[in-house]
2 protein chains.
Amino acid sequence: MTENPRPALGVAVKRPQRTDARRNFDALLSAAREAFAEHGTGASLEDIARRAGVGIGTLYRNFPTRQDLFDSVYLGEIDELCAAAVQVADLPPWEALEAWLQRFVEYAATKRAIREELNSDSEAFRLARDAMYAAGQPLFDRAQEAGVIRTDALFDDVLRMVSGLTGAGFVDEEQRTRVLQLALDGLRPRP
Amino acid sequence: MTENPRPALGVAVKRPQRTDARRNFDALLSAAREAFAEHGTGASLEDIARRAGVGIGTLYRNFPTRQDLFDSVYLGEIDELCAAAVQVADLPPWEALEAWLQRFVEYAATKRAIREELNSDSEAFRLARDAMYAAGQPLFDRAQEAGVIRTDALFDDVLRMVSGLTGAGFVDEEQRTRVLQLALDGLRPRP
DNA sequence: ACTATAGCGGAGGGCTGCCTCCGGTACTAG
DNA sequence: CTAGTACCGGAGGCAGCCCTCCGCTATAGT
């Protein structure tokens with residue numbers, strides 16, 4: 001799960017060579033994932049090191065800045081999300097877009113830090129946003145050309161709408177799905 | 001603007017008697033409003049005191065806990081928002097609901113702290129949520145009875161959807177309005 | 001087995017924020 | 001004007017976080 005060496009979105013921190021070092025590296029990554037999800041962007045680095053059962057020095061050696069750690073945790077996942085866009089490509093236009101967005105919300109809903117950062121203008125997240133656009137725009141265009149999305153809607157509108165929904169704190173998964181569908185129905189052409 | 005003594009939502013901190021003390025009290029409130037909007041719930045209290053040109057002791061005397069300050073800043077405003085629900089009551093059902101929600105988004109969009117807290121389960125914000133429900137539900141019901149809102153939508157869905165949109169970070173006010181309208185269109189009955 | 005070295009970890013200095021406490025200030029009533 | 005007191009403000013103790021530095025340890029190649 002964490003040992004995937006894929007060069008996510010071009011921003012990378014190199015994984016150490018020695019086996020013990022790799023174990024620590026992975027433990028840090030997974031501790032950070034937890035902490036960021038729980039406390040958002042500002043999670044304590046010392047706490048992350050503690051969770052990982054590792055000295056604070058080890059954290060800093062692997063990830064010199066908070067941003068490095070943050071990027072390592074999330075960019076890979078965003079990458080996967082983008083990849084999911086091609087997996088839905090064989091569905092009908094509307095269903096494909098819907099499925100992808102649903103997956104996006106599902107993913108982001110539990111990641112407080114992602115939500116905080118999504119609207120920020122940090123370097124790495126500009127990349128992430130761009131990637132999301134590159135992945136989603138074709139789905140959107142296809143649906144629009146097929147006439148199942150009103151012509152006055154922009155993909156940017158949709159993405160931001162869905163980003164917002166992501167942080168809305170629903171009572172359960174079911175409501176989340178329901179509301180997303182409600183909102184997406186607003187995209188259909190009015191008769 | 002800040003000298004309104006209305007007992008907002010029942011949670012209150014009493015405003016001091018002496019004129020100089022009242023000046024400080026108001027200065028704190030307005031500094032806090034700024035700071036909370038800017039840095040969210042975790043804004044530094046010492047910074048707020050500084051902005052208000054007041055000693056930290058004065059802040060703590062007036063607002064013993066962060067929550068007290070927070071409540072004093074926001075509950076009054078929420079109260080106003082609820083009051084706005086009756087002001088739109090003479091519009092047609094759909095337009096009334098739309099206008100009220102639009103106003104809600106407009107208000108909350110600039111208040112980072114509100115967004116953070118809206119989904120929390122803090123005591124005071126349960127009150128606020130309840131008040132919002134009491135204010136908005138009638139608008140919603142009326143629209144639903146008038147047949148301009150699909151029957152499978154719940155008011156809770158709508159409120160959460162709109163809460164979410166509130167934190168979506170749009171490029172400009174125009175986009176915010178547009179997206180909200182898009183999302184709300186999803187509430188209309190499908191032909 | 002042995003050694004060179006990649007990697008470890010936590011002590012420590014600096015910083016910021018929280019909150020209390022109390023000597024001093026300045027308003028207001030008379 | 002004066003006295004009583006409501007109110008001020010910041011020094012100071014505590015806590016948590018950031019980040020660096022360096023003596024020690026465990027690994028990997030021979």
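Note that the structure is a prediction, hence the values are computed from the model and not measured. In the text below, chain A, chain B and the rest are named by the order of the sequence lines, each starting its count at 1.
Across all strands shown, A/Ser44 has heavy atoms under 4.0 Å from sugar-phosphate atoms exclusively, and none from any base. Among the atoms of the strands shown, only primed sugar atoms or phosphate atoms (P, OP1, OP2) are found under 4.0 Å from some heavy atom of B/Leu45. Among the atoms of the strands shown, none is found under 4.0 Å from any heavy atom of B/Asp47.
In this structure, B/Leu69 places its CG atom 14 Å from C1' of C/dC18, rounding to the nearest Å. Atoms CG (B/Asp68) and C1' (C/dC18) sit 15 Å apart, rounded to a whole Å. We find that CZ of B/Phe63 is positioned 11 Å from P of D/dC8, with the value rounded to whole Å. If you take CZ of A/Arg23 and P of D/dA26, they are 12 Å apart, rounded to a whole angstrom. Between the CZ atom of A/Phe25 and the P atom of C/dG9 there is a distance of 15 Å, given to the nearest Å. Rounded to a whole Å, the CD1 atom of A/Ile56 is 16 Å from the P atom of C/dG12. For the pair A/Gln17 CD and C/dT5 C1', the computed distance is 13 Å after rounding to whole Å. At whole-Å resolution of the value, CD1 in A/Ile48 and P in D/dC17 are 11 Å apart.
Of the candidate nucleotides C/dC8, D/dC7, C/dG9, C/dC8 has the atom nearest to the side chain of A/Asn62. Side-chain proximity of B/Glu46 to D/dC7, C/dG7, C/dC19: nearest is C/dC19. For B/Asp20, the listed nucleotide lying nearest its side chain is C/dC27; candidates were C/dG7, C/dC27, C/dC19. Checking D/dT5, D/dC19, C/dG7 against every side-chain atom of A/Arg61, the shortest atom distance belongs to C/dG7.
Each of A/Thr19 and B/Gly55 lies near DNA chain D, and the nucleotide nearest B/Gly55 is the one positioned closer to the 5' end. Checking B/Arg50 against B/Gly57, the closest nucleotide of DNA chain C that is more toward the 5' end is the one next to B/Arg50. Judged by closest nucleotide on DNA chain D, B/Pro16 is the one of B/Pro16 and A/Pro64 placed further toward the 5' end. In terms of position on DNA chain C, the residue among A/Val54 and B/Tyr60 whose nearest nucleotide sits closer to the 5' end is A/Val54.
Between the side chains of B/Gln67 and B/Asp71, a donor-acceptor pair is found at a separation under 3.5 Å.
Side chains of B/Ile78 and B/Ile114 form a contact here, defined as non-hydrogen atoms less than 4.5 Å apart.
Ring planes of B/Phe36 and B/Phe70: perpendicular class, angle over 60° (limits at 30 and 60°).
Judged by distance alone, with hydrogens and angles left aside, the side-chain atoms of A/Asp47 form no donor-acceptor pair with the main-chain N or O of A/Ala43 at under 3.5 Å.
Under the rule for a salt bridge (Lys or Arg N to Asp or Glu O under 4.0 Å), the partners of B/Asp157 that lie at least two apart in sequence or sit in another chain are A/Arg178.
Contact check, A/Asn24 against C/dC8: a side-chain N or O comes under 4.0 Å of OP1 or OP2. Here B/Arg18 does not reach the OP1 or OP2 of C/dA26: none of its side-chain N or O atoms lies under 4.0 Å away.
Of the candidates A/Thr41, A/Thr110, A/Thr166, A/Arg115 forms a side chain to side chain contact (heavy atoms under 4.5 Å, CB included) with just one, namely A/Thr166.
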